[in-house]
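By convention in this document, chain letters (A, B, ...) are assigned in the order of the sequence lines, proteins followed by strands, and residues within each chain are numbered from 1.
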Number of protein chains: 2
Amino acid sequence: MARAPLTRDEVLVVAADLVKRDGPEALTMRKLAAELGTAVTSIYWHVGNRESLLDALVERTVADLGGIRPRGATPAERVVSVARTLRRQLRDHPHLVAMVHERGLTERMFLPAQQALVREVHAAGLRGAGAADAVRAVQFQVVGYVLVERNRERAPVQRPGEEELWDTALAEDDAALARSLSRPVDQDRLFLTSVRALVKSLLEPGSCS
Amino acid sequence: MARAPLTRDEVLVVAADLVKRDGPEALTMRKLAAELGTAVTSIYWHVGNRESLLDALVERTVADLGGIRPRGATPAERVVSVARTLRRQLRDHPHLVAMVHERGLTERMFLPAQQALVREVHAAGLRGAGAADAVRAVQFQVVGYVLVERNRERAPVQRPGEEELWDTALAEDDAALARSLSRPVDQDRLFLTSVRALVKSLLEPGSCS
DNA sequence: ACCTGAACACCGTTCAAGT
DNA sequence: ACCTGAACACCGTTCAAGT
């Protein structure tokens with residue numbers, strides 16, 4: 001018996017599943033057709049081509065994000081909380097991050113967060129160009145951090161590897177440092193450290209210059 | 001007349017040219033063979049397969065990097081100078097950055113810079129785990145920033161676009177901020193601002209807590 | 001040791017033809 | 001309006017056969 005008529009929505013849902021399971025490079029028009037039980041060419045009628053199919057997927061998931069609620073007593077704390085939620089959301093959609101990055105749509109995705117940041121930066125007393133700089137500095141830092149993180153997690157075995165390079169190099173000079181650098185990065189902690197350091201400088205410029 | 005015998009080195013040089021000109025995705029075994037004037041299959045004898053060819057290319061260019069000389073009077077200034085050179089080097093090899101990122105070899109590439117940073121952080125009086133954190137925070141920030149930058153430069157036309165979203169939203173509340181956020185990012189300035197803010201907090205933790 | 005063409009199993013996309 | 005198979009122009013890779 002023939003299958004029910006194909007819909008654009010059905011294509012998107014199944015495609016999203018495929019991407020979530022095996023990554024965007026596994027999303028083949030032919031595999032997708034097989035999964036859908038249709039001819040390859042039917043897909044083209046509904047979504048145009050592979051490129052615009054991926055566009056639609058990104059669009060859809062970007063829309064699902066947003067809705068950031070800052071928490072904390074001080075503006076600085078609330079900015080940090082926005083940064084953390086942002087990072088969490090990005091980490092929960094690893095393939096999406098890659099796709100958004102690939103397609104240069106990062107900016108779009110971060111508009112809700114940007115607006116939340118503007119409010120907090122305002123509350124901290126910043127205005128005008130300085131406020132804009134602060135917002136963007138945080139935004140760039142979070143996105144950048146997540147990109148680097150993803151990169152490290154995907155990284156193959158490193159040869160020579162940080163361990164070998166550091167435990168011998170300056171073990172006698174600063175053993176604790178060598179030990180720290182030879183251990184894998186505690187990414188949660190490093191993220192907090194970095195964001196807090198940045199936010200502190202940005203929001204309290206007068207207090208330590 | 002027959003061409004001179006193919007060498008592994010010749011393959012790598014021509015492949016590097018192709019990547020530099022049109023990006024890694026344009027590096028096709030068949031195109032490469034055409035450029036070299038040999039059969040596609042000859043390449044396989046010399047470099048194994050496409051994957052290890054790309055490995056070799058990355059390896060080669062990563063080796064060319066390094067050689068970082070910190071400049072400036074204070075440790076903070078020297079750390080900032082390392083960050084700037086790092087960014088410059090990465091921006092000069094845009095395709096390389098993408099390839100290194102893709103292959104998870106970022107860590108490897110940054111070892112020389114990491115060692116320079118350790119020296120400066122030491123000079124600033126930091127030791128042990130705190131020093132390691134500072135080094136990695138800077139490293140993550142620079143790499144992250146360059147990744148975000150590349151992403152933005154590749155970005156297609158943004159719809160809705162930051163302009164429309166900001167000039168109406170809070171024009172009366174903070175016109176200068178709205179104007180700043182609706183203008184394209186001055187990436188050089190934002191980079192300096194971010195790095196300086198981060199470094200200041202990291203190297204002078206006592207001065208503003 | 002080095003090079004070759006034929007062949008295999010994949011791609012994305014187009015298009016004329018069906019209903 | 002929606003679906004189809006055949007066909008086109010690409011991929012990376014293997015392999016038996018040449019010298």
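Separating the CD atom of Glu51(A) from the C1' atom of dC11(C) is a distance of 14 Å, rounded to the nearest angstrom. As rounded to whole Å, 12 Å separates atom P of dT13(C) from atom CG of Leu32(A). Going from atom CZ of Arg30(A) over to atom P of dC10(C) covers 10 Å, rounded to whole Å. Note: OH (Tyr44(B)) to P (dG5(C)) measures 15 Å, nearest angstrom. In this structure, the CD atom of Glu25(A) is 12 Å from the P atom of dC11(C), given to the nearest Å. For the pair Ile43(A) CD1 and dT4(D) C1', the interatomic distance rounds to 13 Å; values are reported in whole Å. As a whole-Å value, the separation of Met29(A) CE from dT14(C) C1' is 12 Å. In this entry the distance linking CG of Leu36(A) with P of dC2(D) reads 16 Å, nearest Å.
Residue Asn49(B) has a polar side-chain atom (N or O) positioned under 4.0 Å from OP1 or OP2 of dT13(D). Taking only side-chain nitrogens and oxygens, Thr28(A) comes nearer than 4.0 Å to OP1 or OP2 of dC11(C). Side-chain N/O atoms of His46(A) include none lying less than 4.0 angstrom from OP1 or OP2 on dA1(D).
At a threshold of 4.0 angstrom between heavy atoms, the contacts of Ser42(B) include nucleobase atoms, whether or not backbone atoms are also involved. Among the protein residues, Leu53(A) comes within range of no part of the nucleic acid, since none of its heavy atoms lies under 4.0 Å from any strand.
Listed candidates were dC2(C), dT13(D), dG12(C). Nearest to the side chain of Arg50(A) is dG12(C). Side chain of Ala39(A), nearest nucleotide from dC3(C), dA1(D), dG5(D): dG5(D). Nearest to the side chain of Trp45(A), among dG12(D), dT4(D), dC3(D), sits dC3(D).
Judged by distance alone, with hydrogens and angles left aside, the side-chain atoms of Asn49(A) form a donor-acceptor pair with the main-chain N or O of Ser52(A) at under 3.5 Å. No donor-acceptor distance shorter than 3.5 angstrom exists from the side chain of Arg78(B) to the backbone of Glu120(B), with no hydrogens or angles considered.
Shown here for Arg50(A) and Leu27(A), the closest heavy-atom pair between the two residues is NE-O, 3.0 Å.
Heavy atoms of other residues, nucleotides or ligands lying less than 6.0 angstrom from CZ of Arg69(A) number 12 at most. Within 6.0 Å of CZ in Arg84(A) there are 12 or fewer heavy atoms belonging to other residues, nucleotides or ligands.
Near DNA chain C, defined here as any heavy-atom distance below 4.0 Å, there are no residues from residues 5-17 of chain A.
In this structure dA6(D) sits in a base pair with dT14(C), meeting the Watson-Crick or G-U test at under 3.5 Å. Using N1 to N3 plus N6-O4 or O6-N4 for Watson-Crick, or N1-O2 and O6-N3 for G-U wobble, each under 3.5 Å, dA1(C) pairs with dT19(D).
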Test salt bridge (charged side-chain N to carboxylate O under 4.0 Å, His left out) on Glu77(B) and Arg71(B); report intermediate values, then the result. CA-CA 7 Å; Glu77(B) 280 178 27; Arg71(B) 302 201 188 280; over 6 Å; no
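With Phe191(A) as the aromatic partner, Arg87(A) meets the cation-pi criteria of under 6.0 angstrom to the ring centre and within 45 degrees of the ring axis.
Of the residues listed (Leu53(B), Thr38(B), Leu57(B)), the one engaging Val11(B) in a side-chain contact (heavy atoms from CB on, under 4.5 Å) is Leu53(B), and it is the only one.
Contact annotation: side chain of Thr41(B) to base of dG5(C), donor-acceptor pair present below 3.5 Å.
Along DNA chain D, the nucleotide closest to Val40(B) and the one closest to Gly37(A) are compared, and the more 5′ of them pairs with Gly37(A).
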